[in-house]
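Below: one structure, written as structure tokens.
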Amino acid sequence: MSAPDSRFVKACKAQAVDRTSVWFMRQAGRYMPEYRAVRKQYSLLEICKKPDVAAEVTITAAEALGVDAAIIFADLLLPLEVMGLPFRFASGEGPVIDQPIRTAEDISGLRTDRVADLGYVSEAIRLVAHHFETKLPIIGFCGAPFTLASYMIEGGGSRNYVNTKRLMYSAPAAWDELMRNLITVLAEYAAQQIKSGADVIQIFDSWVGCLSVEDYRRYVLPHATRLVKALQPTGAPIIYFGTDTATLLPSMKETGAEVIGLDWRIPLDEGWRSVGSGAVQGNLDPVLLFAGWKELKSRAAEIMQLAAGRPGHIFNLGHGILPETPVENVKALARFVQEHSAKGKA
């Protein structure tokens, strides 16, 4: 860990701080001219695999926005490659896996012994940590077992997750093996990030909102809990985030994650009540960044009013920044959250 005494890390632990911490999911991305310039030279995966470039992109975004944490630039699906499941990015389609896994035999062929090959992510974190020293904390991240499994099985994104749910329902032993394999890889991968300087790990369960509470508790909760528990001895707080998860929040809290991320579909105070104790992160609709400043400021202030100055609120969007977002709105929002919350503490 690089900045364990930072405002952001304290907020993750639900400790009292002088003002609200703010950072943004996908804060380094196509909406920033600096990032677009880098993308003219490198593909997304090339950026991820060149630690100096990934570090540069991470640092540039955090400094340009004036946020309270830097999240390392990487891709959620990187662990799939070392498990023997290559992927590519198709124009306008997102990630594509040409040979998805669908059977127990496919799952038994996955590898869990090549996590060291992902060392370029940890090296990028080391470079960012060297740059910021104790001035700014660093967020490492990984995908959650369910979300990565859904990509592996569907071959990309999905609207109904038929193949994923079919495997869950019809081959629970194979599903459990897939979860165990993923946890083995993800726990080592995230621990490497912490060892290299990450202060916090966010676990992205982007697609888990497609599940009912019953299915989440049966097929996902035990495995997500094992991943969280495997990482907690590192001392780094864990943020567990998913979208469309209002009905799942109490169950997600059972994982033991210190922070639960809220999307924009539930009022922050209601989501926090569902979570109960601990910290929460969120939860402005990313599309509000396209609104006029008066509306954007009003909605951000409303979220902070719902948080009511309670220790443990981290301001963020309910999902990642969208590509065409006006960058000045993002900068202004970060400043507003910081200044508005500081006045509230005065």
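Predicted, not measured: the structure shown is a model, and the values here were computed from it. Values below: every heavy atom of this structure, side chains too, minus hydrogens, waters and symmetry copies.
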Inset, instruction - Apply side chain to side chain contact (heavy atoms under 4.5 Å, CB included) to F24 and L333, showing your working. - result: CA-CA 10 Å; F24 303 112; L333 177 60; 3.7 Å; yes
Legend entry - Candidate pair Q281 and Q202, rule side chain to side chain donor-acceptor pair (under 3.5 Å), full reasoning: CA-CA 11 Å; Q281 179 176 277; Q202 176 151 316; 3.1 Å; yes
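Residues F336 and M304 meet the side-chain proximity criterion, which asks for heavy atoms closer than 4.5 Å. Taking the side chain as every heavy atom from C-beta outward, I72 and F141 approach each other to under 4.5 Å.
Aromatic ring orientation, W23 versus F8: perpendicular (interplanar angle above 60°, classes split at 30° and 60°). Ring geometry for Y161 versus F146: interplanar angle of 30 to 60°, hence tilted. Between F241 and H319, the two ring planes are tilted [angle within 30° to 60°].
Side-chain contact of E177 with S108: a donor-acceptor pair under 3.5 Å is absent, judged by distance alone. Side-chain polar atoms of D106 and T103 form a donor-acceptor pair below 3.5 angstrom.
Between K10 and D5, no side-chain nitrogen of the basic residue sits less than 4.0 Å from a carboxylate oxygen of the acidic one, so the salt-bridge criterion is not met. A salt bridge is absent between D269 and R310; no separation between the charged side-chain nitrogens and carboxylate oxygens falls under 4.0 Å.
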Can I get a per-line list of side-chain donor-acceptor pairs under 3.5 Å for residues 51-60, giving both atom names and the distance, sequence neighbours left out?
from	atom 1	to	atom 2	distance (Å)
T58	OG1	A54	O	2.8
T58	OG1	F73	N	2.9
T60	OG1	E56	O	2.8

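Residue pairs meeting the side-chain hydrogen bond (donor to acceptor under 3.5 Å, both in side chains) criterion with at least one partner in residues 69-80, sequence neighbours excluded, do not occur; the list is empty.
Remark: M25 CE to D263 CG distance equals 8.5 Å, nearest 0.5 Å. Atom CG of residue L296 and atom CG of residue N329 lie 5.5 Å apart, to the nearest 0.5 angstrom.
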